[in-house]
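Positions are given from 1, in the same order as the sequence printed here.
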Amino acid sequence: MGESVLVEALHQPATSVLAVLLTAVFVLLHQRRLGYADVGLSYDRVVSQRELWRCAACQLSHIDLLHLLFNLSALWSIGLVERSPALGTLYYLQQTTLLFLLSPAFCVLLYHLLIVVARREQYRDVTAVGYSCVLFGWMTLLATKQPGGIAMLPLFGLADLPMWAAPWSSLLITSLLVPKASFVGHLAGILAGYAVAFGLFSWLTPWWTLSLLLWSALGLGYAAARSQQLAIPYIRLPAGAPGPGVAGAASTGADVESGGSGGTRIVGGQIVRV
C-alpha cells in the first residue's frame with residue numbers, strides 16, 4: 001500500500017506539496033500554541049481591522065487534527081485531476097489558485113450580507129480556518145464541468161461519490177456531523193467553484209493566474225509582517241518592537257469556527273501566548 005501512495009504522490013506533485021504544507025503549518029501552529037483567533041478569518045478582523053493576510057493564513061491553517069485529516073483525505077481524492085492526462089498539474093494549479101483567492105472574498109461577502117442586510121451581528125466575530133473552502137470549490141467545479149470526463153469522486157478511500165452530488169451532499173453531511181463546521185465558509189467555496197466553472201475568469205491565462213498568486217502572497221506576507229501578529233520566516237522584528245495584542249483561542253474539538261478568546265503578545269519579534 002505504501003508503494004501505491006508513493007506512486008500517486010509522484011503523479012500528483014502539486015497535491016503532495018500542498019498536503020505537506022498543510023501538515024507543516026498544523027505542526028507549527030501547535031508548536032507556537034496559536035489558535036483560531038490568531039490565524040482565522042472573521043469579518044471584524046478582515047474588514048474592520050484590515051487584516052487582509054488572514055484571507056490566506058486561514059485557509060492554510062488547521063487547529064484540530066481530525067479537521068486536518070478530513071481535508072487531507074479530500075485533497076488527496078481531488079488529486080485525481082493532476083493524474084488525468086487531459087488536465088494535469090498546470091490546470092490543477094491554475095484552478096486551485098483561483099479558488100484560493102476567490103473563496104475568502106465570497107466568505108467575507110456572505111458575512112457582510114448576514115451582518116448588514118440580515119442584521120445578524122453574531123457573525124461579526126465568527127472565526128473560520130481550514131482548506132475546506134478550496135476543496136468545496138473543487139467539488140463544485142468538477143460537478144459542474146466534469147473536466148477530463150471525471151464523473152466519480154473517491155470518498156475517503158471507502159466509496160465513490162457521483163460528482164454531481166459531491167458539493168451539496170458534502171455540505172449537508174458536514175453540517176450534520178460537525179454542528180460547528182463553517183457552513184458559510186463551505187458555501188463560499190461552492191460559490192467560488194461556480195464562478196470558476198461558469199468561466200467568469202477564463203480570460204486569465206495560467207501565467208497571469210500564477211503571477212496574481214505570487215503578488216498576492218507578497219502583499220499579504222508584507223501585511224502580516226507589518227501587523228506584528230505572525231512571525232514570518234526570515235523576517236525578524238527588532239527586540240521590543242511594539243505590536244498590537246492578538247486575541248487567541250485554543251480548541252480541542254472538531255470545530256472549524258470559533259468565537260473564543262485568549263491572548264498573545266510580541267516579545268523580541270516572537271509571538272508568546274499569555
Are [X] and [Y] connected in the hydrophobic side-chain network, where two residues link if heavy atoms are under 4.5 Å apart?
X	Y	answer
Val20	Leu10	no
Leu141	Trp203	yes
Leu200	Tyr91	yes
Val25	Val17	no
Trp53	Leu218	no

Rounded to the nearest 0.5 Å, how far does [atom2] of [Y] lie from [atom1] of [X]?
X	Y	atom1	atom2	value
Asp125	Asp44	CG	CG	5.0 Å
Gln122	Ile115	CD	CD1	8.5 Å
Leu212	Gln94	CG	CD	11.0 Å
Leu28	Thr23	CG	OG1	12.5 Å
Leu142	Ile78	CG	CD1	6.5 Å
Arg45	Glu51	CZ	CD	5.0 Å

Hey, does [Y] have a side-chain heavy atom less than 4.5 Å from the side chain of [X]?
X	Y	value
Pro206	Leu93	no
Leu41	Tyr111	yes
Ser132	His67	yes
Leu109	Leu191	no
Tyr92	Leu87	no

Looking at [X] and [Y], what are the two nearest heavy atoms and their distance?
X	Y	result
Glu8	Gln12	O-CG, 2.7 Å
Thr15	Gly79	OG1-CA, 3.5 Å
Ser103	Leu99	OG-O, 2.7 Å
Gly40	Thr127	CA-CG2, 3.4 Å
Cys133	Gly185	SG-O, 2.9 Å
Leu102	Ala192	CB-CB, 3.9 Å

For [Y], does its backbone N or O pair with a side-chain atom of [X] as donor and acceptor, under 3.5 Å?
X	Y	value
Gln59	Phe100	yes
Ser84	Leu80	no
Arg54	Ala37	yes
Ser73	Leu69	no

In chain order, what residues pass the ring-ring contact (aromatic ring centres under 6.0 Å, His included) check against [X], with sequence neighbours excluded?
X	answer
Tyr194	Phe198
Tyr131	none
Tyr43	His112
Phe106	none

Aromatic ring proximity His62/Phe26, centre distance under 6.0 Å: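 Between Phe26 and His62, which both carry aromatic rings, the centre distance is not below 6.0 Å.
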Parallel, tilted or perpendicular: which one describes the rings of His186 and Phe136, with boundaries at 30° and 60°? parallel
Residue pair Thr96 / Trp138, side-chain donor-acceptor N/O under 3.5 Å: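 Thr96 vs Trp138: donor-acceptor pair found between side chains.
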Test of understanding: with side chain to side chain contact (heavy atoms under 4.5 Å, CB included), list the residues that count as partners of Ser211, not counting sequence neighbours.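 Checked Ser211 against side chain to side chain contact (heavy atoms under 4.5 Å, CB included); matches are Trp207.
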For a side-chain contact (heavy atoms from CB on, under 4.5 Å) check, start with the C-alpha distance between Trp76 and Ser16, then their side-chain angles and the critical distance, and finish with the verdict. CA-CA 8 Å; Trp76 203 257; Ser16 302; 3.7 Å; yes
Hits for side chain to side chain donor-acceptor pair (under 3.5 Å) against Glu121, two or more places apart or cross-chain, chain-then-number order -> Arg124
